[in-house]
Amino acid sequence: MAKMSLADLKALRDQKRSEMARRTSEGKIVDIIIGMGTCGIAAGAKDVLNTFVEEINSKQLEGIVIKQTGCMGLCHSEPTVEVHMAGMPDTIYGNVNSEVARKIIGDHIQGKKLVSGHVFDKPATDIK
């Protein structure tokens, strides 16, 4: 491993602080929860998590927190992603890959439309 300069270390520290800021809920309006149980990781959940982080950073979106959780019990449709956002129904997406993660950011979070074909579950709107 090559030696890192002080500037490299500071840049790495700033990058990691930015990544960790994505995990605190305070003041955030959108929660993205990714199932990272063994089944999820085996199905590609780590790539999905990385895609969400990269996409949010590249579009400089604010107010979004990304959380990891264990198995959601939906092993047959891993990777699974749960999205909580004001003004939208709480939604669980299944069979999410990097392309679908980008659609969730673009369509669901920015466009306020569900990503059809990957909605695994959403609560009925008439049940209070």
Side-chain angles (χ1 to χ4, degrees):
M1 180 176 201
K3 289 183 180 178
M4 297 181 78
S5 69
L6 183 58
D8 292 339
L9 287 172
K10 287 181 178 178
L12 180 62
R13 178 192 62 198
D14 293 342
Q15 176 191 355
K16 294 301 177 188
R17 279 185 180 163
S18 174
E19 290 174 14
M20 292 307 293
R22 293 263 174 237
R23 297 181 184 199
T24 60
S25 296
E26 188 174 318
K28 305 292 172 64
I29 57 173
V30 179
D31 283 333
I32 298 173
I33 304 166
I34 301 169
M36 297 289 286
T38 305
C39 51
I41 292 171
K46 181 68 176 159
D47 291 336
V48 170
L49 173 70
N50 291 338
T51 300
F52 273 111
V53 171
E54 292 166 8
E55 197 72 7
I56 290 167
N57 288 338
S58 72
K59 293 184 176 189
Q60 298 180 343
L61 300 176
E62 298 295 328
I64 300 173
V65 62
I66 298 174
K67 298 177 184 173
Q68 299 177 34
T69 190
C71 180
M72 293 184 182
L74 306 170
C75 302
H76 60 284
S77 59
E78 291 290 347
T80 53
V81 173
E82 189 172 345
V83 179
H84 300 275
M85 178 176 166
M88 293 288 289
D90 293 340
T91 307
I92 297 175
Y93 290 103
N95 300 315
V96 177
N97 57 25
S98 293
E99 179 185 339
V100 175
R102 287 185 196 94
K103 284 184 180 178
I104 291 171
I105 294 292
D107 292 354
H108 187 117
I109 294 173
Q110 291 184 297
K112 298 193 176 188
K113 299 182 302 188
L114 296 178
V115 177
S116 61
H118 291 275
V119 175
F120 182 78
D121 192 19
K122 66 176 183 154
T125 56
D126 60 339
I127 298 174
K128 302 264 180 202

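Heavy-atom basis, side chains included; hydrogens, waters and symmetry copies ignored. Keep in mind it's a predicted model, so treat the numbers as computed, not measured.
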Subject >> Pairwise distance CG(Asn95) to NE2(His76) - rounded to 0.5 angstrom >> reply: 8.0 Å
Subject >> Closest non-hydrogen atom pair between Tyr93 and Val115, with its separation >> reply: OH-N, 3.2 Å
Original post:
Where is the tightest heavy-atom contact between Val96 and Ala101, given as atom of each residue plus distance?
Top reply: CG1-N, 3.9 Å
Original post:
Which pair of non-hydrogen atoms, one from Leu49 and one from Met36, has the smallest distance, and what is that distance?
Top reply: CD2-CE, 4.3 Å
Original post:
Given side chains that start at C-beta, do those of Lys59 and Gln110 come closer than 4.5 Å, heavy atoms only?
Top reply: yes
Please list every donor-acceptor pair under 3.5 Å in which a side-chain atom of residues 6-14 meets a protein atom from a residue at least two apart or in another chain.
| from | atom 1 | to | atom 2 | distance (Å) |
| --- | --- | --- | --- | --- |
| Asp8 | OD2 | Ser5 | N | 3.4 |
| Asp8 | OD2 | Ser5 | OG | 3.2 |

Original post:
Just how far is it from atom CG of Asn97 to atom CZ of Arg102, taken to the nearest 0.5 Å?
Top reply: 8.5 Å
**OP:** State, yes or no, whether a side-chain contact exists between His84 and Ile33 at a heavy-atom distance under 4.5 Å.
**Re:** yes
Original post:
Counting heavy atoms not belonging to Lys113, are there more than 12 under 6.0 Å from its NZ?
Top reply: no
**OP:** Please report the closest heavy-atom contact between Phe120 and Gly94, naming both atoms and the distance.
**Re:** CB-N, 4.0 Å
Original post:
For the residue pair His108 and Thr91, what are the closest heavy atoms and their distance?
Top reply: CE1-OG1, 3.7 Å
**OP:** Quick one: pull up CD1 in Ile104 and CD1 in Ile109 and give me the separation to the nearest 0.5 Å.
**Re:** 7.5 Å
**OP:** Could I get the full list of side-chain contact (heavy atoms from CB on, under 4.5 Å) partners for Ser58, not counting sequence neighbours?
**Re:** Glu55
Subject >> Heavy-atom pair of closest approach, residues Gly44 and Pro79 >> reply: C-CG, 3.8 Å
Original post:
To the nearest 0.5 Å, what is the distance between CD (Glu99) and NE2 (His118)?
Top reply: 7.5 Å
Original post:
If you measure from OG on Ser98 to CD on Glu54, what distance do you get to the nearest 0.5 Å?
Top reply: 8.0 Å
**OP:** From the options Ile64, Asp90, Val30, Ile32, select the one residue that forms a side chain to side chain contact (heavy atoms under 4.5 Å, CB included) with Met85.
**Re:** Val30
